[in-house]
Structures are given as C-alpha cells and as structure tokens.
Amino acid sequence: MEIPFTIAEDPDAETKERGRKLFAGNTEFLKGVVAMDGLPPPDRLEVCFAGRSNVGKSTLINALTGRKGLARASNTPGRTQEINYFTTLNGPYLVDLPGYGYANAPLPVVEKWQRLLKNYLSGRQTLRRAFVLIDARHGVKDVDEEILKLLDRSAVTFQVVMTKLDKVKDKDRTKVLEQVRKAISKHPAAYPELVLTSSEKGEGIPILRSIIADLV
C-alpha cells in the first residue's frame, strides 16, 4: 500500500493558538554540545532539526521562535559543528543538529559529525521527532538519504519540512513534491505528512508550531 504523504494543512483555531503560545514565551540558547556527555539532562521532551548545509535550518528556527538572531545562520557551510540546544518556556528542547553534506569539510570533521549524529539519534530517549529539512528547489539528494537511513536504523520518526518554498514557481512544485514523496516512501521511519514552509514569507510556520505543540 502506497503512503500518500499529504500536505499538512492549517490547524483549527485551538491547535494554532496552542502552537502560538508555545513559542510566544522566551526561547533561549542553552548550550552547544560536541560530545554525548555534554547533553543536558533528559528532563523534558525534545525535537530536533536536521538538514544539509544551507538548507535554511537556522532561519527556520528563528522564524519559529520569532527571534531573528537566536540560531546563527552562517554564510560558511558546515560552520556549525555542534548540537545546539534551545529552551522553550515550559516546553520542549529545540535541538539544532550540525549541517551535513558539505564536501569541503575536512574528513576528520565529517567523521566526528557522523559519530555524534549517530550516537545522539540512537541514544536520546527523550527525542520525540526529527524534522528533516529539504530545500524545495532541489528535493531529496543522495546526501539526504544518509540521514534518512540513519533515522530508520535508529527508529526515530522523522517528518520532512520543505524550506524556501517561495523560491519555487507554482508550476514546479508538483514535480518536486513527487520526487520527495517517492524518495521518502522508501523509509519506514517517515511520518506520512509534509510541511511546506517559507521562513521569509512566514508560510507554514504556524502549522509547524502547532505540530510541535501537539507532540509535547
């Protein structure tokens, strides 16, 4: 049976308000983690954000929280080499994973990232869902497949969030959506719903806030 991977729709007013309240409080940077023993105590649920370098991960986190400078976007791909933790008021940790897929990063650095990601994804009991960001201009690439397979092996449910939707013409959306649906249908850990976002336009941000609020 083929999974349809529907597009997440606007939530009802009550759910949307719950999502708004979750991110209306003060969100702070907690710490950057370079090894598993540096993770904060597992005293609350958490959701993580993964994506290849320059997919718009920092920009999305800033849009979710309404704080432009919270997650630092970099013009240098692969600069973020830590697992960055952010706190929400009486809510979950937001976890920004290192960007992946940057070929110019030194091999030892890449290997370190891979080990850290693998250990985190397979060993963090409080992780409720991974949001995998896919650039709507390019769809799922081979380098994305590596993280999707890792999530499968780690039995961590992931949901695809497509970024930079405003950069894609309407006539091209159907084609890229078909490519993404086909690619992720092979992964048992995939949640059967896509979130379409544009951090620049604010599109899809209330939907993603509501999804996170419902998870916790």
Side-chain angles (χ1 to χ4, degrees), residues 18-102 105 109-110 112-135 147 151 156 158-159 161 163-164 195 197-202 204-216:
R18 192 159 60 244
R20 187 196 67 79
K21 285 183 177 179
L22 175 62
F23 288 95
N26 202 24
T27 305
E28 298 287 348
F29 173 72
L30 177 63
K31 66 187 301 189
V33 177
V34 297
M36 289 294 288
D37 58 8
L39 294 178
D43 56 1
R44 69 191 75 180
L45 296 175
E46 57 195 65
V47 296
C48 71
F49 299 85
R52 62 180 180 266
S53 297
N54 279 2
V55 75
K57 192 153 45 67
S58 297
T59 307
L60 180 73
I61 293 172
N62 291 339
L64 278 173
T65 60
R67 294 187 58 188
K68 290 183 178 180
L70 182 65
R72 290 175 295 175
S74 173
N75 291 325
T76 305
R79 182 177 177 183
T80 303
Q81 301 175 20
E82 302 174 334
I83 294 178
N84 289 316
Y85 268 79
F86 302 90
T87 58
T88 56
L89 185 64
N90 300 319
Y93 285 128
L94 307 179
V95 185
D96 183 7
L97 299 181
Y100 56 82
Y102 187 54
V109 172
V110 174
K112 181 181 179 181
W113 295 348
Q114 290 174 338
R115 285 195 301 271
L116 184 58
L117 283 173
K118 181 178 179 181
N119 291 336
Y120 169 75
L121 292 173
S122 61
R124 192 65 169 171
Q125 297 296 323
T126 48
L127 177 59
R128 178 57 60 92
R129 182 169 298 176
F131 293 100
V132 179
L133 277 56
I134 300 294
D135 191 322
I147 193 76
L151 289 161
V156 174
F158 71 83
Q159 185 165 9
V161 177
T163 62
K164 305 183 182 182
V195 186
T197 69
S198 164
S199 298
E200 188 172 314
K201 303 292 186 182
I205 300 302
I207 296 175
L208 187 53
R209 286 174 178 160
S210 299
I211 290 171
I212 294 172
D214 272 352
L215 287 173
V216 299

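Atom set for the values below is all heavy atoms of this structure, side chains included, hydrogens, waters and symmetry mates excluded. Throughout, numbering of the chain's residues begins at 1 and tracks the sequence.
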Quick check: do [X] and [Y] have side-chain heavy atoms less than 4.5 Å from each other?
X: Val33; Y: Leu39; result: yes
X: Val47; Y: Leu94; result: yes
X: Ile147; Y: Leu121; result: yes
X: Val95; Y: Arg124; result: no
X: Phe131; Y: Ile211; result: yes
X: Ile83; Y: Cys48; result: no

d(Leu30 CG, Phe86 CZ) to nearest 0.5 Å is 9.5 Å
Could you grab the distance from atom CG of Leu133 to atom CD of Gln159, nearest 0.5 Å is fine? 11.0 Å
Parallel, tilted or perpendicular: ring planes of Tyr120 versus Tyr85, cut at 30 and 60 degrees: perpendicular
For Lys57, the option from Asp96, Thr163, Asn62 that meets side-chain hydrogen bond (donor to acceptor under 3.5 Å, both in side chains): Asp96
Could you tell me whether a side-chain N or O of Arg209 sits under 3.5 Å from a main-chain N or O of Leu64, the two making a donor and an acceptor? yes
Short question: side chain of Arg128, backbone of Leu215 - any donor-acceptor pair under 3.5 Å? yes
What do you reckon, is NZ of Lys31 surrounded by more than 12 foreign heavy atoms closer than 6.0 Å? yes
Phe23: which residues meet the ring-ring contact (aromatic ring centres under 6.0 Å, His included) condition with it, sequence neighbours left out? none
Would you check, one step at a time, whether the test side-chain contact (heavy atoms from CB on, under 4.5 Å) holds for Arg52 with Asp135? CA-CA 9 Å; Arg52 62 180 180 266; Asp135 191 322; 3.6 Å; yes
Run the side-chain contact (heavy atoms from CB on, under 4.5 Å) test on Ile205 and Leu60 for me, step by step, so that the C-alpha distance in whole Å, both residues' side-chain angles and the decisive distance to 0.1 Å come before the verdict. CA-CA 8 Å; Ile205 300 302; Leu60 180 73; 3.7 Å; yes
